[in-house]
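Taking it in order: structure first as structure tokens, then the write-up.
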Amino acid sequence: MRHDTNLFIFLGHPEWYTFDEEIGYVPTEEAPPEAVKAMEEYNKYGV
């Protein structure tokens with residue numbers, strides 16, 4: 001398993017995201033902009 005900086009930005013904050021099996025990580029309104037960007041980048045890898 002590789003270390004992914006994007007994942008570690010938000011993974012410890014479950015209030016910042018939900019998970020959709022087709023989309024991946026979906027930010028909530030509580031997520032700060034840097035976490036939203038990290039989720040978008042991480043989701044590009046594919047679910």
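Worth knowing before you read on, the calculation uses all heavy atoms, side chains too, and leaves out hydrogens, waters and symmetry mates.
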Shortest non-hydrogen contact from [X] toward [Y]:
| X | Y | result |
| --- | --- | --- |
| Val26 | Asp20 | CG2-CB, 4.1 Å |
| Ile9 | Ala35 | CG2-CA, 4.1 Å |
| Ala31 | Met39 | CB-CE, 4.2 Å |

Is [Y] close to [X] at the side-chain level, that is, under 4.5 Å between some pair of heavy atoms?
| X | Y | answer |
| --- | --- | --- |
| Leu11 | Tyr17 | yes |
| Asp4 | Tyr45 | yes |
| Pro27 | Trp16 | no |

- Message: I'd like to know if Val36 and Phe19 are part of one continuous hydrophobic network [Ile/Leu/Val/Met/Phe/Trp/Tyr, side-chain heavy atoms within less than 4.5 Å].
- Response: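 Different hydrophobic clusters.
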- Does Glu41 have any salt bridge (charged side-chain N to carboxylate O under 4.0 Å, His left out) partners at least two apart in sequence or in another chain, and if so, which? Lys44
